[in-house]
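Following: one structure in structure tokens, then a few remarks.
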Amino acid sequence: QVQLVESGGGLVQAGGSLRLSCAASGSIFSINAMRWYRQAPGKQREFVATITSGGITNYADSVKGRFTISRDNAKNTVYLEMNSLKTEDTAVYYCNADVQRLRSPFTTAYWGQGTQVTVSS
């Protein structure tokens, strides 16, 4: 089994910063792309940022220049540094990872349980 556990969410004022973490554990052989998504109340889940195993990143236009995704491959952990937060960034943030399990040739996408980020005005 593989588990993704997010942490670092909370309540912050507009203009503030938060750093989210997502640690993968279990029977992992390798992790390819890791991503962050978010879902605001009453809205569909949307893509936020992605990072490949080699460190190539991509961001949603709404967070470019404010959010930074990074990863520590030795710790199987992905981070999301969020600066200049806006009230519209309020959402549950989920991490997602493409994992190849031990003794398996296949890659499977796993999701974390989510962490709440609330930005107050």
Side-chain angles (χ1 to χ4, degrees):
Q1 276 287 19
V2 174
Q3 299 83 36
L4 301 182
V5 179
E6 299 103 334
S7 60
L11 174 64
V12 64
Q13 285 192 326
S17 299
L18 279 176
R19 189 192 195 212
L20 305 183
S21 301
C22 173
S25 62
S27 57
I28 297 170
F29 175 72
S30 67
I31 302 178
N32 297 328
M34 302 184 82
R35 308 173 189 88
W36 288 97
Y37 286 78
R38 65 186 182 186
Q39 187 166 18
K43 294 188 177 181
Q44 290 188 334
R45 191 171 297 188
E46 65 175 4
F47 167 79
V48 176
T50 187
I51 185 168
T52 67
S53 57
I56 297 172
T57 60
N58 192 31
Y59 297 90
D61 288 342
S62 59
V63 307
K64 277 181 183 176
R66 299 188 299 122
F67 291 9
T68 302
I69 189 171
S70 60
R71 64 190 284 173
D72 184 333
N73 290 332
K75 296 181 178 179
N76 289 334
T77 299
V78 63
Y79 306 96
L80 187 68
E81 185 75 33
M82 305 185 294
N83 298 315
S84 303
L85 282 162
K86 304 176 181 179
T87 55
E88 52 262 44
D89 294 318
T90 295
V92 178
Y93 283 71
Y94 299 89
C95 70
N96 166 273
D98 295 336
V99 179
Q100 183 178 356
R101 294 176 59 183
L102 294 171
R103 296 179 292 279
S104 171
F106 305 110
T107 298
T108 303
Y110 289 88
W111 289 88
Q113 82 289 349
T115 185
Q116 177 70 47
V117 171
T118 303
V119 184
S120 64
S121 58

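Note: hydrogens, waters and symmetry copies are ignored here, and every other heavy atom, side chains too, is used.
Remark: Y79 OH to D72 CG distance equals 5.0 Å, nearest 0.5 Å. Note: E81 CD to L18 CG = 8.5 Å, rounded to the nearest 0.5 Å. From L80, atom CG reaches atom CE of M34 across 12.0 Å, with rounding to the nearest 0.5 Å. Atoms NZ and OG, on K75 and S25 in that order, are 14.5 Å from each other to the nearest 0.5 Å. With rounding to the nearest 0.5 Å, the separation of OG in S120 from CG in L85 is 10.0 Å. The structure places OG1 of T115 at 10.0 Å from OH of Y94, a figure rounded to the nearest 0.5 Å.
When every heavy atom of R71 is checked against every heavy atom of I51, the shortest pair comes out as NH1-O, 3.3 Å. Listed here is the closest heavy atom pair of R38 and Y93: NH1-OH, 3.0 Å. Taking each heavy atom of A40 and A91 in turn, the nearest pair found is N-CB, 3.8 Å. Scanning all heavy atoms of the two residues, the minimum distance from N96 to W111 falls at ND2-CE2, 3.3 Å. Listed here is the closest heavy atom pair of A60 and F47: CB-O, 3.4 Å. Across all their heavy atoms, K43 and Q39 have their closest contact at O-NE2, 3.1 Å.
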Do T68 and Y59 pass the side chain to side chain contact (heavy atoms under 4.5 Å, CB included) test, and can you show the C-alpha distance, the side-chain angles, and the key distance before you say yes or no? CA-CA 8 Å; T68 302; Y59 297 90; 3.9 Å; yes

Apply side chain to side chain contact (heavy atoms under 4.5 Å, CB included) to residues V2 and R101 and explain how you reach the verdict. CA-CA 8 Å; V2 174; R101 294 176 59 183; 3.8 Å; yes

List the steps and the verdict of side chain to side chain contact (heavy atoms under 4.5 Å, CB included) for R35 and D98. CA-CA 9 Å; R35 308 173 189 88; D98 295 336; 2.6 Å; yes

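Listed for the E6 side chain is a donor-acceptor partner under 3.5 Å among the backbone atoms of C95. With hydrogens and angles ignored, the 3.5 Å screen pairs a side-chain donor or acceptor of T90 with a backbone N or O of V119. Without hydrogens or angle criteria, T52 side chain to A33 main chain gives no donor-acceptor distance under 3.5 Å.
Remark: R19 pairs with no residue by the side chain to side chain donor-acceptor pair (under 3.5 Å) rule, at least two apart or across chains.
Note on V12 and M82: same hydrophobic cluster, where clusters join Ile, Leu, Val, Met, Phe, Trp and Tyr whose side-chain heavy atoms are under 4.5 Å apart, directly or indirectly. Criterion: ILVMFWY side-chain heavy atoms under 4.5 Å apart, direct or through other members. Under it, L4 and Y37 are not part of a common hydrophobic cluster. I31 and Y110 fall within a single hydrophobic cluster, where Ile, Leu, Val, Met, Phe, Trp and Tyr side chains are chained together by heavy-atom contacts under 4.5 Å.
Within 6.0 Å of CG in L102 there are more than 12 heavy atoms belonging to other residues, nucleotides or ligands. The local environment of CD in E88 is crowded, with over 12 non-hydrogen atoms from other residues, nucleotides or ligands closer than 6.0 Å.
In the model, N32 has no side-chain atom that pairs as donor or acceptor with a side-chain atom of S53 under 3.5 Å.
Using a cutoff of 4.0 Å between basic side-chain nitrogens and carboxylate oxygens, D61 and K64 are scored as salt-bridged.
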